[in-house]
Visitor: 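Can you read through this structure? Questions will come right after.
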Amino acid sequence: MSRDALALAEALIACESVTPAIGRVFDVVEEMLTPLGFTVNRFVTGDAPDGPVENMIAVRGSGGPHFAFAGHLDVVPPGEGWVSGAFAPEVRGGLLHGRGAVDMKGAIAAFIAAAARTPASGTISLLLTGDEEGPAIHGTRAILDRMAARGLKPDMCLVGEPTSVSRLGDMVKIGRRGSVNIWIDVPGRQGHVAYPHLADNPIPRLVAMLAEIDAITLDQGTDWFQPSNIEITDITVGNPATNVIPARAAARLSIRFNDEHTGADLARRIERIVHAHDRQATVDARISGEAFLTEPGALSAMVSNAITARTGIAPTLSTTGGTSDARFISAICPVVEFGLVNATMHKLDEAVAVDDLATLTDIYADIISRAMRAG
């Protein structure tokens, strides 16, 4: 198989791998990595509806330093209206189009192409999952468990998420806010609106809860993080009748929080407010990940210097945006994220500049070389 990043990206895009991904796309990656001296371990975890999910741990070399690259082969559903097929890669006007071109099959292709030109020394591992765009239950967390069982622990990790904003290299992520979703369910007693004394309307209690929650200012931000925020993302009553007091009312919250908080503390705070209004109401919190920060240091400097050497850009170090699988990896080693321009990710006609693929390959090769020298 070609070791050119464009050809590799086209081969990956041609594999339909809507989350949760399994099968052919991992076959293609294995075909790319085996000739480069990587030992490939693939395993499937999870059951429907969140699985099955395929994961891969590919390792080349031994000893230190151990440099890991992490990414995901699953993509979001393509939607309707593509100029060319979402899984039929096509180059038009210097852009490679296809679902996953930016997020993040292009970066995976660039890293494999970079590894192909980098002399083997130390240890390089690729940690690839088919469950990042979905619930992320059976993906990177399962990979880390498998690595721990094998005694594999990277010294540093680069995640190939599309972090660049306007130009390739203008932003590197050194952390992310945490995320918790909370479901509130308020019980009532159904009845006729003309006889309210025989019923119990849960809606006023829910509205009061949400008003108190919406008035919260969690913090003013920190040196590296923007302020935390609570958003009401759904209110449900499900009452089709105009003359019926409903039996229940429910709402959903999404909280993105910085390192002044933990998901569990925020969930308890919401629960206290809810129960102050109604002891019978239920609160179900699901923490997607905690906030994390890799303090600026050797790893971010190494990545930034490689970017500057190839592009002339001094990247901004940032913690903005949504969550990524770096939140799990941060528990075992320093981790930063750097990849392609993110303007078209998850959009129709997602595309990456062919020149950016080539430049990203150069940058990744430089990062690998610097990482091996640093050890």
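Any value given below was found using the heavy atoms of this structure, including those in side chains, with hydrogens, waters and symmetry copies removed. Bear in mind that the values here come from a model prediction, so they are computed numbers and not experimental data.
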Visitor: Identify whether the distance between the nearest side-chain nitrogen and carboxylate oxygen of D265 and R268 falls below 4.0 Å.
Guide: yes
Visitor: Assign the ring pair Y364 / F338 to parallel, tilted or perpendicular, where the plane angle (0 to 90°) is split at 30° and 60°.
Guide: perpendicular
Visitor: Transitive ILVMFWY cluster of V237 at side-chain heavy atoms under 4.5 Å: who else is in it?
Guide: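 Members alongside V237: I203, V207.
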Visitor: In the hydrophobic clustering (ILVMFWY, side-chain contacts below 4.5 Å, transitive), which residues join Y195, or is it alone?
Guide: L198
Visitor: Hydrophobic cluster mates of V165, side-chain heavy atoms under 4.5 angstrom, ILVMFWY only, any path?
Guide: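 Grouped by the 4.5 Å side-chain rule, M171 form the rest of the cluster around V165.
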Visitor: I'd like to know whether T320 forms a side-chain hydrogen bond (donor to acceptor under 3.5 Å, both in side chains) with Q226, so could you lay out the CA-CA distance, the side-chain angles of the two residues, the decisive distance to 0.1 Å, and finally the verdict.
Guide: CA-CA 7 Å; T320 57; Q226 67 195 85; 5.4 Å; no
Visitor: Tell me, which pairs form a ring-ring contact (aromatic ring centres under 6.0 Å, His included) where one or both residues lie in residues 205-250, sequence neighbours left out?
Guide: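 Checked against ring-ring contact (aromatic ring centres under 6.0 Å, His included) - neighbours excluded - no pair reaches residues 205-250.
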Visitor: Look at the side-chain heavy atoms of Ile, Leu, Val, Met, Phe, Trp and Tyr, link any pair under 4.5 Å apart, and say whether L348 and V102 land in one connected group.
Guide: no
Visitor: With no hydrogens and no angle check, is any side-chain donor or acceptor of D4 less than 3.5 Å from a backbone partner on A7?
Guide: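 Yes, D4 side chain to A7 backbone: donor-acceptor pair under 3.5 Å.
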Visitor: What I want to find out is whether R286 reaches D284 closely enough, with some N-O distance under 4.0 Å, to be called a salt bridge.
Guide: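 Yes, R286 and D284 are salt-bridged.
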Visitor: Is the shortest side-chain N to carboxylate O distance from R99 to E16 below 4.0 Å?
Guide: no
Visitor: When you look at S254 and N181, which way does the side-chain hydrogen bond (donor to acceptor under 3.5 Å, both in side chains) test go after all the steps?
Guide: CA-CA 5 Å; S254 180; N181 291 302; 3.3 Å; yes
Visitor: With a 4.0 Å cut-off, would you call D185 and R252 a salt bridge?
Guide: no
Visitor: Return yes if some donor-acceptor pair links the side-chain N/O of E350 with the main-chain N/O of D103 below 3.5 Å, else return no.
Guide: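 Yes, E350 side chain to D103 backbone: donor-acceptor pair under 3.5 Å.
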Visitor: Is the shortest side-chain N to carboxylate O distance from R24 to E31 below 4.0 Å?
Guide: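 So R24 pairs with E31 through a salt bridge.
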Visitor: Enumerate the residue pairs fulfilling salt bridge (charged side-chain N to carboxylate O under 4.0 Å, His left out) with a member in residues 200-210, sequence neighbours excluded, ordered by first and then second residue.
Guide: D200-R205, R205-D278
Visitor: Does the side-chain hydrogen bond (donor to acceptor under 3.5 Å, both in side chains) test come out yes or no for D234 and T236, once each step is laid out?
Guide: CA-CA 7 Å; D234 187 46; T236 302; 2.8 Å; yes
Visitor: Inspect the contact between R42 and E54 and indicate whether a charged nitrogen and a carboxylate oxygen are less than 4.0 angstrom apart.
Guide: yes
Visitor: Above 12 or not: heavy atoms from other molecules or residues under 6.0 Å from CG of N243?
Guide: yes
Visitor: Check whether D155 reaches the backbone of C333 with its side chain - one donor and one acceptor, N or O, closer than 3.5 Å.
Guide: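 Not confirmed, D155 side chain does not pair with C333 backbone.
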Visitor: Give a yes or no on whether the backbone of V53 and the side-chain of D131 come within a donor-acceptor separation of less than 3.5 Å.
Guide: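 Absent.
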Visitor: Looking only at atom types and distance, does a side-chain atom of T123 sit under 3.5 Å from a main-chain N or O of G64, one as donor and one as acceptor?
Guide: no
Visitor: To which residues is V75 joined in a hydrophobic cluster, defined by side-chain heavy-atom contacts under 4.5 Å among Ile, Leu, Val, Met, Phe, Trp and Tyr, whether direct or through other members?
Guide: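 Under the 4.5 Å side-chain rule, V75 groups with V18, F87.
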